[in-house]
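Contents: one structure, followed by commentary.
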Number of protein chains: 2
Amino acid sequence: MSGLDGGLARQNDGAAAPRRGLGTNQSGMRDYNQRLVLSLLRRHGSLAKTEIARMTGLSAQTVSVIMRELEADALLVRGDPQRGKVGQPSIPMSLNPEGAFFLGLKIGRRSSEMALIDFRGAIRRMCQHSYAYPTPEDTIAFVTKDLATLEKTLDRRRWARVAGLGIAMPFELWSWADAAGAPPGAMDGWRHTDIRAALAERCPFPVYLQNDATAACGAELVFGHPPAQGDFIYFYVGAFVGGGIALGGRLFSGSTGNAGALGSMPVPDPAGTMRQLIDVASISVLEKTLVARGLDATGLWTSPDDWGELGEDLERWVDGAAHGLAHAILAATAVIDFQSAIIDGWLPLAVRAALVARTAHHLSQLDSEGLTLPAVREGTVGRHARALGGASLPLAERFLVGAQSAL
Amino acid sequence: MSGLDGGLARQNDGAAAPRRGLGTNQSGMRDYNQRLVLSLLRRHGSLAKTEIARMTGLSAQTVSVIMRELEADALLVRGDPQRGKVGQPSIPMSLNPEGAFFLGLKIGRRSSEMALIDFRGAIRRMCQHSYAYPTPEDTIAFVTKDLATLEKTLDRRRWARVAGLGIAMPFELWSWADAAGAPPGAMDGWRHTDIRAALAERCPFPVYLQNDATAACGAELVFGHPPAQGDFIYFYVGAFVGGGIALGGRLFSGSTGNAGALGSMPVPDPAGTMRQLIDVASISVLEKTLVARGLDATGLWTSPDDWGELGEDLERWVDGAAHGLAHAILAATAVIDFQSAIIDGWLPLAVRAALVARTAHHLSQLDSEGLTLPAVREGTVGRHARALGGASLPLAERFLVGAQSAL
DNA sequence: CAATAAATAAATAAATGTGATTTATCTATT
DNA sequence: AATAGATAAATCACATTTATTTATTTATTG
């Protein structure tokens, strides 16, 4: 069977997928169990059918049937039989990298990125588009052109297996007009454009939209090394800092999609005045400092591998940002007992490491009576987390259990 | 069939109830659909089979079978046929108040409460036990005695239908030793006693344990008028303030059970110093003020219907508490986009109303850029929310969809 | 006006289809 | 011989589909 229409897709069409408030039926059950198998394989890389049976509590036969079907749909591939143990050799099954492809589009204030990833999460293609400020028309043109190239580059079979496009974009992009140095009103187009719908018209597959930092959080969940588990809070430090929430190993985007709006978290600055996290932990704050000092700050955006020697300014920014992040983590922990806090961003690795260490330090200084503090950790996905997070949206929607639908 | 063993109970024993990480099978599906039907009836009071079918998306026949079974188990009763419309008259089905009973035990620093509620949530019996400070032995004796009385009072059929006991108790009760005016070390017994296990030994039904404010939140969800829906944050203002979280109409207690530890939320006091919410919004703070002024504050605990004339002191406390609550709500909203914030407590109705109004006012003064503020509302359950919340635990566990198991 | 037919809606019985489980068997290895 | 993985066949459980029964209102007719 070529394409994805015969596989999980059809199952979803049936009466009642386990959406909220609806009943379950057999299709829902099979669909759930298939997704469960795929999720386990994603997490563990490669498992024999019996192992899956043990982990899920399903009978060996059921697992056998499900996995043979997935294999027939080319979503799984069998590995070399493992000999050397008593009994029949076990055949490790793993995700077929070519089983499906996903597109992720990140729209930022200085550039857009479009990523193509395979079923195992490997980046197959990544292209960038820079600008002074983004407009919807420009973005649509960029995507359309890239899609055309892609359709030519990939063979027909692979193109048919592109399962969706996920857009990772900040909420209310237009309100950055001034910060991005755009002429007033230049970005008003965003206010009235439904970019998701506009792109969906031009794509033969479903298109999803999610806040950029929330999407990045999803990338940590699906493509992390290892994939993040349980309940955690996530920060993506970009031009502006944003956040995401994962509960029970699943992205939580909230009823309005605005969960994890950690940039708006009130935090005290060293003087005790309450400010929003976005005003202390964003890279744009560092940029402003550098510019005020008459330095060239464009390297912050163009060479994320190494910012060079920024000395005292960088150190002060890291400390301030960490101070704010620590407070945000503390407050968030009073709401949800997160197991860990993950920090990633458009940052050189050394800066990210320093930021995490400093945040952990500040956090340990705060009054956490009655709380169990989460472990503060670096993200494992890195700079491109937002684009990859976009790509994770169609993946989660089609192939993982209980994803929150992203519009 | 007498007792509950024949009904949903057995279904639960089957292989895979939809617990996390496990597969689903038919029993799980039937169990889920049964719970769904019961949840809908709880929310809507009384529904015809066809209405349930429409709401769930299940076929009329499936609903028919499920509801006949529930009726046979005496969990549902049929109402008078509704005539006056075209077609066969519809028979409204509703929860049988006598279908099951639940016990809720609240353990507080000055008194314990034990409540018996029926399947519809009506309080059938409520008894109180006051003390200078609680000990595990004392509590066990109180419960044991009350259970004996209950077994005598209820007839055999009803006693067999008691589905469980839920304990609502603050975390780390022992750490209040000083605040409760107990001799040092007197409450150390709690540190080493597994009260849930101790009571479970003495009960023929399952026993659950939950943080008291989280349990109260559960009461708002199950017994509220109307039952609260969606995502909300909940505060119970007692001797100490505590909180709870509900997501998607379900109690969320987190991986360690410490979600909604809102008492530990850092909030700025008017001077700008960061303090924990518990230090500004607890009734004990008001008590301290009154005692320092040489006034008798016992009325705060003994006459929750009317605190009398406390004048300026009360007003100042309400304002301070509201200020803290507003900040806590703001910070929480940056984590989860809550639709509402519900405030209840051991408070006279007028004080609760004033606290809510003042909190809403303070909240509107804060910088909420990038957030959608939740509506601030009074609880609908009232003072006994904690005991009722305890009783809601076995109810949710047995009869509602997707409850987080409480230990 | 009463009797009757048509339409509608709820409830349910029987047949059907889907999916998980149980049981038995085969294969490969120590 | 013992053990463990894989799977086919038979069985069981549950939801769906289709058709039927029952109860009622509305419209029509004598």
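Letters A, B, ... are given to chains in the order of the sequence lines, protein chains preceding strands, and every chain is numbered from 1.
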Geometric cation-pi criterion A/R42 and A/F223, 6.0 Å radius, 45° cone: no
B/S90 side chain, from C-beta outward: closest of C/dA10, C/dT12, D/dG5: C/dA10
Options C/dA10, C/dT21, D/dT16, nucleotide nearest the side-chain atoms of B/R54: C/dA10
Options D/dT16, C/dT12, D/dA9, nucleotide nearest the side-chain atoms of A/Q61: D/dA9
Cation-pi check, A/R161 onto A/F102 ring (under 6.0 Å, within 45° of axis): no
Rounded distance in Å - CZ (A/R78) to P (D/dA6): 9 Å
Nearest to side-chain heavy atoms of A/S64, which nucleotide of C/dT12, C/dA10, D/dT7: D/dT7
Length of the line joining B/L47:CG and C/dA10:C1', which is rounded to integer Å: 14 Å
Whole-Å gap separating P (D/dG5) and NZ (A/K49): 13 Å
Euclidean distance, atom CZ of residue B/R30 to atom P of C/dA20 [Å, nearest integer]: 17 Å
Electrostatic pair A/E69-A/R30, nearest N-O below 4.0 angstrom: yes
Where B/Q210 and B/S253 come nearest, the two heavy atoms and their spacing: NE2-CB, 3.6 Å
Closest nucleotide among C/dT22, D/dA15, C/dA10 to the B/N33 side chain: D/dA15
Basic-acidic side-chain contact under 4.0 Å: B/E98, B/R124: yes
Integer-rounded Å distance: C/dT18 C1' and A/E69 CD: 11 Å
Interatomic distance where CD1 belongs to B/I52 and C1' belongs to D/dA15 [whole Å]: 17 Å
Nearest-angstrom distance from the residue atom CE of A/M67 to C1' of C/dG19: 17 Å
Between C/dA11 (P) and B/L76 (CG): distance, integer Å: 13 Å
Touch class at under 4.0 angstrom, heavy-atom based, for B/S59 against every strand present: base
Sugar-phosphate only, base, or nothing, as touched by B/T50 at under 4.0 Å among non-hydrogen atoms: sugar-phosphate
Residue met sooner reading DNA chain D from 5', once A/P89 and A/R68 are mapped to nucleotides: A/P89
